[in-house]
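The figures that follow rest on heavy atoms only: side chains count, while hydrogens, waters and symmetry mates do not.
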Amino acid sequence: MLDEPRSGRLAAWGNALLAGLVSPDDAADRIADDDAVHRVEGLPGEEQPVGLTLALGRLRALGAVGLRVALPVPGHPLGLCGPPEFNAAALEAEEAVLASGAGLGLIPETYEAGPEGGAGPDVHVEVVWRCLPVREAPPADVPSLGEAERELAEALREATELLSTLDVAGAGPVAQAALAAYRARAEAGRQVLAPGYPPRAVRVLELAQRVGALIDIAQQAGGEHGGAVSSSEIAARAEALRPVERTARRAQVAAYNSAVEERERHRG
């Protein structure tokens, strides 16, 4: 959970575009971020994959009024609303975007391109978003921002206490590298979310990402001790982390979806 989900970037900057707060080119640049290229395939009316700028315009023409995020995992269909075919594909990717009003959903597939055996700057990532029909129904298990913020406060305490109990703070280079990466990103002053989101959503997303970083550190530290940590201890650690991780994912989805929820409340 140290990495921002691509579905989050697509929803956040797509919502800013739909609200008229950013230009199509700016939205596409922000969504692509460090990826080489993003394309969307399967859009109604488009026989071939198209770029993000055209795709976002097409979604608006098809009736999209907002983009929501889903971050499902096995046993927790967070943010999904069917049909089963879309849910299964989203579960495999562990993320998706739902275009409210258009009855469509987008699921990312990533491909690495570059020289064989290459690494680092020689390799770039290409993303293809598959467009599939979705139901227009309330998404599963998405809390309000207020609920997410309250749950996160408790989850942060639980994660911190668990790290202390496991003595993860000094667990080794993998955990320390994960913590350093999180701190560097937090200190870089990067823009969280996009124009049009309420300050509370930014606060909730930042806290969810902090909790996610702690979870990653605890999980990665488990593999640094080799035989010193038994399989039963690793399983117990994973079981202890599961509800905290679930809370962090729910909060992320609440933050990304808040712009759409706010607009729907005003229309209602």
Side-chain angles (χ1 to χ4, degrees), residues 1-35 38 52-53 55-57 59-60 63-72 78-81 95-102 104-106 108 129 138-153 155-156 182 185-213 247-268:
M1 292 181 66
L2 282 169
D3 296 326
E4 181 181 30
R6 289 182 173 88
S7 56
R9 293 202 305 268
L10 175 58
W13 291 94
N15 283 328
L17 174 62
L18 291 173
L21 300 174
V22 297
S23 71
D25 287 342
D26 284 345
D29 287 344
R30 291 285 193 163
I31 294 165
D33 196 41
D34 293 331
D35 297 330
H38 282 226
L52 280 173
T53 303
L56 290 169
L59 286 173
R60 191 207 302 265
V65 294
L67 303 179
R68 287 186 169 91
V69 169
L71 297 177
L78 175 63
L80 297 178
C81 55
E95 62 176 310
V97 172
L98 287 72
S100 299
L104 296 170
L106 302 167
W129 295 87
D141 198 36
V142 178
S144 68
L145 274 178
E147 291 170 335
E149 194 167 32
R150 290 190 295 272
E151 292 174 0
L152 275 173
L156 182 59
Y182 170 75
R185 191 180 69 175
E187 292 169 0
R190 65 183 178 88
Q191 182 169 5
V192 178
L193 290 175
Y197 277 84
R200 190 176 203 178
V202 175
R203 186 167 66 247
V204 166
L205 183 58
E206 287 179 327
L207 185 54
Q209 290 172 342
R210 182 181 175 190
V211 172
T247 297
R249 279 189 302 107
R250 275 167 45 87
Q252 284 193 72
V253 171
Y256 286 123
N257 294 2
S258 61
V260 181
E261 305 294 346
E262 188 74 15
R263 285 201 295 271
E264 288 188 352
R265 277 196 297 271
H266 288 162
R267 283 202 303 269

What's the spacing between [X] [atom1] and [Y] [atom2] if we round to 0.5 Å?
| X | Y | atom1 | atom2 | answer |
| --- | --- | --- | --- | --- |
| Asp26 | Trp13 | CG | CH2 | 7.5 Å |
| Leu80 | Leu98 | CG | CG | 7.0 Å |
| Thr247 | Leu156 | OG1 | CG | 11.5 Å |

Testing the basics here: between [X] and [Y], what is the closest heavy-atom pair and its distance to 0.1 Å?
| X | Y | answer |
| --- | --- | --- |
| Ala99 | Ala64 | CB-CB, 4.2 Å |
| Leu52 | Ala28 | CD1-O, 3.8 Å |
| Ala32 | Arg9 | O-NH2, 3.7 Å |
| Val69 | Ser7 | CG2-O, 3.5 Å |
| Leu193 | Ala12 | CD2-CB, 4.3 Å |
| Pro195 | Ala16 | O-CB, 3.6 Å |

#### Entry: salt bridge (charged side-chain N to carboxylate O under 4.0 Å, His left out) partners for Arg150, two or more places apart
none

Is any side-chain heavy atom of [Y] closer than 4.5 Å to one of [X]?
| X | Y | answer |
| --- | --- | --- |
| Leu106 | Leu67 | no |
| His38 | Leu10 | no |
| Leu152 | Arg210 | no |
| Val142 | Asn257 | yes |

### Task
Would you check if there is a donor-acceptor pair between the side chains of Asn15 and Tyr197 at a distance under 3.5 Å?
yes

### Task
Please test Val65 against Val260 for side-chain contact (heavy atoms from CB on, under 4.5 Å), starting from the C-alpha separation and ending with a verdict.
CA-CA 8 Å; Val65 294; Val260 181; 5.8 Å; no

Please check this pair: side chain of [X] against backbone of [Y], looking for a donor-acceptor N/O pair closer than 3.5 Å.
| X | Y | value |
| --- | --- | --- |
| Arg250 | Asp141 | yes |
| Glu151 | Ala251 | no |
| Arg30 | Ala194 | no |
| Arg249 | Leu71 | yes |

#### Entry: Full working for side-chain contact (heavy atoms from CB on, under 4.5 Å) between Gln252 and Leu205
CA-CA 5 Å; Gln252 284 193 72; Leu205 183 58; 3.9 Å; yes

### Task
Would you please test Glu4 and Asp33 for side-chain contact (heavy atoms from CB on, under 4.5 Å) and show each step?
CA-CA 11 Å; Glu4 181 181 30; Asp33 196 41; 5.5 Å; no

### Task
Taking only Lys NZ, Arg NE, NH1 and NH2, and the carboxylate oxygens of Asp or Glu, determine whether Glu149 and Arg203 approach each other closer than 4.0 Å.
yes

